[in-house]
Amino acid sequence: MFRKLISGSLVAALMAGTASADTLREALVSAYNSNPTLTGQRETLRATDATVAIAKAAGRPQVSATVGLNRTLTQSGLLINGGKGPTVSAGVDLSVPLFTGGSVKNSVRAAETRVQAGRATLQAVEGDVFTQAVTAYMDVIRDRAIVELNQNNVRVLETNLQATQDRFQIGDLTRTDVAQSEARLQLGRSQLATAQGQLTGSEATYRQIVGHAPGVLAPPPPLPPLPATADEAVRIALTDNPDLVSVSRQAIAAGYDVNVARASRLPTLSAVGSETYVNNLAGNNAFGNRGNATAVGLSARVPIFQGGLPAARIRQAQAQQGQVLEQVVGTERAVIQATRAAFASYTAAQRAIQAETVAVQADELALEGNRAEQSVGTRTIIEVLNAEQELLNAQVALVSAKRDAYVAGFQLLNAMGQAQAQALGLDGGPLYDPLGNYRHVANNWSDWANDPRHPTIATRTVSPEELPPNPIVTPQIDNARIDASPPVIAIPASTTTTTTTTTTSTPSVTPRPH
């Protein structure tokens with residue numbers, strides 16, 4: 001019930017958007033449709049689907065034909081048959097497996113189970129890509145806010161320096177005050193350059209994950225109600241986490257592989273039939289120059305000694321099964337760790353938001369008091385500069401805490417298996433249906449069926465201006481379209497030093513419904 005509430009709340013939250021800005025929902029839809037990690041994983045699943053047809057083919061009838069044109073060069077003794085040919089021969093052989101020791105049955109079961117594991121892996125990749133997209137989205141919002149705060153800080157420090165120089169000219173302040181103001185201005189410019197560099201990196205990461213450069217980004221919707229305790233989150237994760245589902249299915253498939261290896265020690269039985277036609281084109285035989293023969297029967301293969309090969313294959317399959325069983329425990333540990341770590345990060349970030357909000361308010365009041373007292377001579381320039389720096393630090397910490405809370409909350413959703421496309425309710429077109437390709441290939445009987453060359457679905461982020469004269473990736477290698485990315489939005493200048501409204505909305509935790 002709580003899991004359904006999470007999904008429904010997140011869908012409703014993502015449905016809300018801002019018409020004048022790119023929304024988080026639009027970023028997730030873009031990543032879902034064009035991220036190469038995700039589109040590549042879909043092709044991996046399609047390849048896994050084909051293993052079912054491969055396994056089934058081993059239990060189906062096999063038909064082969066032979067055609068020969070022969071001429072005898074020499075004859076002697078009993079081998080003289082009245083002519084040297086040429087002789088045309090044709091034959092058709094039919095083999096129908098009747099008993100294979102269980103190898104076909106277990107191979108099919110293993111393949112079908114690995115398809116289930118592949119679908120779970122695809123869901124896990126979806127959640128990971130969406131988590132990366134959310135992180136990139138929030139990083140851009142955070143870094144743009146930090147750049148704006150540092151721009152405001154530099155403008156204030158420039159005003160302070162000019163005022164200090166003016167007061168120094170009239171003898172009201174000393175050269176030391178001017179030097180302190182100059183030093184703090186240069187520090188502010190250094191911090192601004194660092195923030196701008198980090199923003200450029202965040203925008204590049206957004207472009208990589210989402211598929212285009214970020215425009216104006218709207219604040220993200222509030223997160224849905226999350227579990228009240230880490231134990232509750234772990235219980236949900238151990239039920240729905242797709243990585244755990246995938247490795248569990250792989251362990252089951254490995255058990256079928258052991259049975260396939262054991263089948264190599266058992267007899268096999270097949271029904272066989274053949275039709276042979278021979279025509280001696282130049283012969284002069286009293287009984288005629290052509291003939292045919294039809295034969296049916298049973299063919300059994302009874303292995304007696306294979307040099308220890310079956311035992312080696314069984315031990316190999318058992319060891320591989322043991323490896324996967326160990327991976328099940330390892331994955332379970334990782335899921336528990338990721339869930340508890342995300343829950344702890346989310347809780348800590350929520351507390352940090354509360355503390356930093358109070359700190360910003362207090363630093364604003366302290367800066368106002370320092371400026372008033374400095375104007376009457378009871379405070380020094382360095383004390384005012386320190387108060388300004390403390391306010392900037394608190395504002396940056398608040399912005400970072402809001403980003404950390406949202407990202408940690410989404411990471412928690414991903415760990416609990418609630419961050420896939422279906423759970424998010426994305427409506428940027430029909431969702432990818434893994435069953436469609438499975439139905440298309442799993443029961444195929446035709447030897448001549450194939451699919452057209454794969455059209456690259458992922459979009460390239462390279463712009464025409466960035467393409468060199470002789471690129472490595474040519475249209476012959478990759479036919480993905482090149483979309484012109486929207487221009488990066490410059491951070492507008494602000495006239496205040498306390499603006500924090502560009503940060504994200506604070507996600508809240510509500511009590512778990514009973």
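Computation of the quantities below employed the complete heavy-atom set of this structure, encompassing side-chain atoms and omitting hydrogens, waters and symmetry-equivalent molecules.
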Participant: Measure across R340 and A230 and return the closest heavy-atom pair with its distance rounded to 0.1 Å.
Facilitator: NH1-CB, 3.5 Å
Participant: Looking only at non-hydrogen atoms, find the nearest pair between L238 and E332 and report the distance.
Facilitator: CD2-CG, 3.9 Å
Participant: So, S264 side chain and V260 main chain: donor-acceptor pair closer than 3.5 Å or not?
Facilitator: no
Participant: Is the backbone of A31 close enough, under 3.5 Å, to the side chain of S34 for a donor and an acceptor to pair up by distance?
Facilitator: no
Participant: How many angstroms lie between CZ in F130 and CD in E126, if you round to the nearest 0.5 Å?
Facilitator: 5.5 Å
Participant: Any salt bridge linking R46 with D451? Criterion: basic side-chain nitrogen under 4.0 Å from a carboxylate oxygen.
Facilitator: yes
Participant: To the nearest 0.5 Å, how far apart are CG in N152 and CG in L192?
Facilitator: 10.0 Å
Participant: Nearest 0.5 Å, please: how far is CD in E232 from CE in M416?
Facilitator: 8.5 Å
Participant: I'd like to know whether L413 forms a side chain to side chain contact (heavy atoms under 4.5 Å, CB included) with L226, so could you lay out the CA-CA distance, the side-chain angles of the two residues, the decisive distance to 0.1 Å, and finally the verdict.
Facilitator: CA-CA 8 Å; L413 290 174; L226 297 176; 3.6 Å; yes
Participant: As a quick check of understanding, evaluate side chain to side chain contact (heavy atoms under 4.5 Å, CB included) for L28 and V134, giving each step before the final call.
Facilitator: CA-CA 8 Å; L28 294 179; V134 168; 4.1 Å; yes
Participant: What distance separates Q327 CD from Q323 CD, expressed to the nearest 0.5 Å?
Facilitator: 5.0 Å
Participant: Side-chain contact, heavy-atom cut-off 4.5 Å: L94 with Q62?
Facilitator: no
Participant: Any chance you could measure D143, atom CG, to T194, atom OG1, to the nearest 0.5 Å?
Facilitator: 11.5 Å
Participant: With distance as the sole test, does Y32 use its side chain to make a donor-acceptor pair with the main-chain N or O of Y432 at under 3.5 Å?
Facilitator: yes
Participant: First locate atom CD of E43, then atom CG of L122, and finally report the distance between them rounded to the nearest 0.5 Å.
Facilitator: 10.5 Å
Participant: Could you check whether Q250 and S246, counting side-chain N and O atoms only, form a donor-acceptor pair closer than 3.5 Å?
Facilitator: yes
Participant: Once side-chain contact (heavy atoms from CB on, under 4.5 Å) is applied, do any residues pair with V358, and if so which ones, sequence neighbours excluded?
Facilitator: none
Participant: A quick test of your reading: do over 12 heavy atoms of other residues, nucleotides or ligands sit less than 6.0 Å from CZ of R351?
Facilitator: no
Participant: Going through the distances and angles, do Y438 and R119 end up as a side chain to side chain contact (heavy atoms under 4.5 Å, CB included)?
Facilitator: CA-CA 11 Å; Y438 180 82; R119 293 172 186 169; 3.5 Å; yes
Participant: Less than 4.5 Å apart, side chain to side chain, heavy atoms only: is that true for V473 and R460?
Facilitator: yes
Participant: When N414 is tested against each of T131, D243, T339 for side chain to side chain donor-acceptor pair (under 3.5 Å), which residue passes?
Facilitator: T131
Participant: Can you name the nearest heavy-atom pair linking R265 to Q306, along with the distance?
Facilitator: CA-NE2, 4.4 Å
Participant: Closer than 4.0 angstrom, basic N to acidic O: yes or no for R144 and E203?
Facilitator: yes
Participant: Taking all non-hydrogen atoms of both residues, which atom of L424 and which atom of R25 are closest, and how far apart?
Facilitator: O-NH1, 4.0 Å
Participant: Please find the pair of heavy atoms, one from V324 and one from V247, that lie closest to each other, and give the distance.
Facilitator: CG1-O, 3.9 Å
Participant: Is any side-chain heavy atom of L98 closer than 4.5 Å to a side-chain heavy atom of S270?
Facilitator: no
Participant: Using a 4.5 Å cut-off on heavy atoms from C-beta on, say whether the side chain of V399 contacts that of Q395.
Facilitator: no
Participant: Given Q418 and D240, is the side chain to side chain contact (heavy atoms under 4.5 Å, CB included) satisfied, shown in steps?
Facilitator: CA-CA 8 Å; Q418 307 301 316; D240 296 334; 3.3 Å; yes
Participant: Is any NZ, NE, NH1 or NH2 atom of the basic residue among R114 and D257 found under 4.0 Å from an Asp or Glu carboxylate oxygen of the other?
Facilitator: yes
Participant: Mind running salt bridge (charged side-chain N to carboxylate O under 4.0 Å, His left out) on E112 and K105 for me, showing each step along the way?
Facilitator: CA-CA 11 Å; E112 292 175 339; K105 176 182 66 176; over 6 Å; no
Participant: Side-chain contact test, heavy atoms from C-beta onward, threshold under 4.5 Å: evaluate it for P220 versus Y406 and give yes or no.
Facilitator: yes
Participant: Go through the side-chain N and O atoms of N393 and Q389 and say whether any donor and acceptor fall under 3.5 Å apart.
Facilitator: yes
Participant: Any idea how Y206 and Y137 line up, ring-wise: parallel (<30°), tilted (30 to 60°), or perpendicular (>60°)?
Facilitator: tilted
Participant: Mind listing the closest non-hydrogen atom pair of S400 and I146 along with its distance?
Facilitator: OG-CD1, 4.1 Å
Participant: So does D49 pair up with R439, basic N to acidic O under 4.0 Å?
Facilitator: no
Participant: Considering residues at least two apart in sequence or located in another chain, which fulfil the side-chain contact (heavy atoms from CB on, under 4.5 Å) criterion with R313?
Facilitator: A261, L309
